[in-house]
Amino acid sequence: MGARSASRPARSFFASSITNGKPGDKDVQTTFNGYGVFEDVPVVRNVIAGASYARQSNKRDVSGFYAGSTFWKFT
C-alpha cells in the first residue's frame with residue numbers, strides 16, 4: 001500500500017511517495033523530488049536546479065542535488 005502526490009505550478013515541480021514496505025514491517029519508505037526553472041539569467045539564459053531524497057530503510061537515507069543550464073549561444 002502506498003500514496004503518491006505531485007504538483008507542477010508554473011516553472012517548478014514537486015513529487016513525493018510513501019509506502020509501508022514489507023507486510024508486518026512498521027518502517028515506511030519515502031521519496032521526494034523537486035526542481036525549479038529560472039529564466040532570463042544573465043549569460044546562461046535558463047537554469048534548472050533541484051534535489052531528490054529517498055528514505056529506503058531505517059538504516060539508509062540517500063539524497064542528491066542537480067542543476068543544469070543553457071550557455072550563451074551554444075545551447
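The side-chain contact (heavy atoms from CB on, under 4.5 Å) check on Val41 picks up Phe38, Val44, Val47, with sequence neighbours excluded. Scored by the side-chain contact (heavy atoms from CB on, under 4.5 Å) test, Thr31 finds Ser17, Ala54 as partners (sequence neighbours excluded). The side-chain contact (heavy atoms from CB on, under 4.5 Å) search around Phe32 returns Phe14, Ser16, Thr30, Tyr53, not counting sequence neighbours.
Atom OH of Tyr35 sits about 8.5 Å away from atom OG of Ser12, to the nearest 0.5 Å. Taking OG of Ser69 as the start and CZ of Arg45 as the end, the distance is 9.5 Å to the nearest 0.5 Å. Considering OG1 of Thr19 and CZ of Arg55, their distance stands at 10.5 Å, rounded to 0.5 Å. From Arg11, atom CZ reaches atom CG of Asn46 across 8.0 Å, with rounding to the nearest 0.5 Å.
What you find for Ser52 and Tyr66 is that their closest heavy atoms are N-CE2, 4.5 Å.
Using a 4.5 Å cut-off on side-chain heavy atoms (C-beta onward), Gln29 and Ile18 make no contact. With contacts defined as side-chain heavy-atom distances shorter than 4.5 Å, the pair Phe13/Ile48 does not qualify.
Each salt bridge (charged side-chain N to carboxylate O under 4.0 Å, His left out) pair with one or both residues in residues 60-70, not counting sequence neighbours, would appear here, but there are none.
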